[in-house]
Amino acid sequence: MQDSAISEDVLTLYGKTFSSRLLLGTALYPSPQSMLDSVAASHCEIVTLGLRRQNPNINGGQTIWQAIQRTGCTLLPNTAGCKSAKEAINLAEMSREMFETPWIKLEVIGDDYTLQPDPFELVEASRELVKRGFSVLPYCTDDLILCQRLLDAGCQVLMPWGAPIGTGQGLLNRYNLRSIRERLPEIPMIVDAGLGAPSHAAEAMEMGFDGILLNTAVAKAQQPPLMAKAFANAIRAGRDAWHAGLMQKRQTASASTPTIGQPFWHQK
């Protein structure tokens, strides 16, 4: 891809285009100002917000909500904490009414220890929310069949995990992630959860994923804005590397400097 084409390489989700491929969560920051500074440093254009945790109609939520509005970013409400399809659907409806957006990051957790999504409830909730006119971005595992079922339910974007939420372990199952990327090449995929270092994000982008969603790795850094900037740079580097094409790994050494044309006394 030529430089001019790369400069026009935008992220398209449900018909909307974004120049940034970093999505940022708004929880766990030491202060609202720290969150705002991190959003600014990352140049992200989409932020997530959990209605259950930061209801703008209750005390304490109003400050965060007003701060998020000042970022000018597209809001992606989430259903964090939901454990059934019915619960997630109800919360999504409340989010649509309150935040006036049909976009929803769908989370339906099936296990309290790993916070692993419940695949059955997730598909059921996705199908119903799509019927109701939502633009659903489901947080899912890296299971190929689950991803296919979510697409069958009408989802146009997938958000597979790199590792369990908040662990910072990076890409635990590279085989599965490569499989879903290769088998579903036309589907926008954003790696969500489990990334702890900018190098993790760069690796995911080098694999051809379309974006990264972060929260804990930035919010819990000693300097959240600086870490947000580091992730943004890593995501851009990984995307450029994917466009450029990584070399194939080899088992044996291969000289990078040719010997043809050198004086014979320099050759062995």
Side-chain angles (χ1 to χ4, degrees), residues 10-27 35-36 38-39 42-57 61 64-82 84-109 117-118 121-140 146-147 149-161 165 184 186-193 209-215 218 235:
V10 296
L11 174 65
T12 302
L13 305 174
Y14 286 105
K16 295 185 66 174
T17 58
F18 304 91
S19 58
S20 172
R21 293 177 178 273
L22 170 58
L23 292 72
L24 206 56
T26 55
M35 183 269 290
L36 290 174
S38 298
V39 169
S42 73
H43 297 290
C44 73
E45 297 170 290
I46 303 174
V47 296
T48 65
L49 173 67
L51 175 63
R52 175 166 299 194
R53 183 180 62 84
Q54 295 172 331
N55 187 332
N57 284 338
I64 296 296
W65 172 230
Q66 291 174 346
I68 291 172
Q69 286 180 305
R70 289 200 298 272
T71 66
C73 292
T74 294
L75 179 63
L76 177 58
N78 67 60
T79 61
C82 291
S84 69
K86 181 179 180 181
E87 195 178 4
I89 292 167
N90 289 338
L91 193 60
E93 289 285 11
M94 292 173 61
S95 293
R96 179 162 61 178
E97 181 176 348
M98 190 164 295
F99 298 120
E100 300 179 339
T101 174
W103 282 38
I104 192 75
K105 179 195 169 191
L106 180 61
E107 294 186 30
V108 185
I109 300 303
D118 182 322
E121 296 290 316
L122 187 65
V123 171
E124 180 181 340
S126 295
R127 185 178 296 112
E128 181 60 28
L129 288 172
V130 170
K131 285 182 182 177
R132 297 186 184 196
F134 281 89
S135 300
V136 181
L137 294 86
Y139 164 61
C140 59
L146 171 59
C147 290
R149 295 293 179 269
L150 290 168
L151 297 176
D152 293 342
C155 297
Q156 298 179 23
V157 179
L158 298 175
M159 303 186 78
W161 68 356
I165 294 173
L184 305 168
E186 304 301 325
I187 304 301
M189 288 191 195
I190 297 166
V191 174
D192 178 12
F209 285 93
D210 299 280
I212 302 292
L213 194 153
L214 298 166
N215 195 153
V218 173
I235 290 168

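Heads up: numbering here begins at 1 and tracks the sequence.
Distance check, rounded to the nearest 0.5 Å: CG of Leu75 to OG of Ser95 gives 8.5 Å. Residue Leu91 holds its CG atom at 6.5 Å from CD1 of Ile104, rounded to the nearest 0.5 Å. A distance of 7.0 Å separates CG of Leu129 from CZ of Arg132, quoted to the nearest 0.5 Å. Taken to the nearest 0.5 Å, the CZ atom of Arg70 stands 5.5 Å off from the CG atom of Leu36. Atom CG of Leu151 is separated from atom CD of Glu186 by 12.0 Å, given to the nearest 0.5 angstrom.
Remark: the backbone N or O of Ile190 is not paired with any side-chain donor or acceptor of Asp210 at under 3.5 angstrom. When atom types are taken as modelled, the side chain of Asn78 and the backbone of Glu107 share no donor-acceptor pair closer than 3.5 angstrom. Looking at Thr48, its side chain never comes within 3.5 Å of a backbone N or O of Leu76 through a donor-acceptor pair. Under the 3.5 Å distance criterion, the side-chain polar atoms of Thr74 are left unmatched by any main-chain donor or acceptor of Ile46.
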Trace of the side-chain contact (heavy atoms from CB on, under 4.5 Å) decision for Leu213 with Leu137:
CA-CA 12 Å; Leu213 194 153; Leu137 294 86; over 6 Å; no

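Using a 4.5 Å cut-off on side-chain heavy atoms (C-beta onward), Leu122 and Arg149 make no contact. Looking at heavy atoms from C-beta onward, Lys105 lies in side-chain contact with Asp192 at the 4.5 angstrom threshold. Between Glu128 and Phe134, the closest side-chain pair of non-hydrogen atoms is not below 4.5 Å. Using a 4.5 Å cut-off on side-chain heavy atoms (C-beta onward), Phe18 and Leu23 make no contact. With a 4.5 Å cut-off on side-chain heavy atoms, Met94 and Glu97 do not count as touching. No side-chain heavy atom of Leu158 sits under 4.5 Å from any side-chain heavy atom of Phe209. Contact of the Thr71 side chain with the Thr26 side chain is not registered, since no non-hydrogen atoms from C-beta on lie closer than 4.5 Å. You'll find the side chain of Arg21 stays beyond 4.5 Å of the side chain of Ile212, heavy atoms only.
Annotation: side chain to side chain contact (heavy atoms under 4.5 Å, CB included) contacts of Gln156 (sequence neighbours excluded): Tyr14. Residues passing the side chain to side chain contact (heavy atoms under 4.5 Å, CB included) test with Ser19, sequence neighbours excluded: Glu45. In terms of the side chain to side chain contact (heavy atoms under 4.5 Å, CB included) criterion, residue partners of Glu121 (sequence neighbours excluded) are, by chain and number, Ser84, Ala85, Val108, Asp118, Glu124.
Between Ser126 and Val136, the closest heavy-atom pair is OG-CG1, 4.1 Å. Between Leu106 and Ala125, the shortest heavy-atom contact is CD2-CB, 3.9 Å. Nearest heavy atoms, Thr79 versus Ala88: CG2-O, 3.8 Å. Leu13 approaches Pro188 most closely through the heavy-atom pair CD2-CB, 3.9 Å. The two atoms that bring Leu146 and Cys140 nearest to each other are CD2-CB, 3.9 Å, heavy atoms only. The shortest heavy-atom contact between Leu11 and Ser20 is CD2-O, 3.9 Å.
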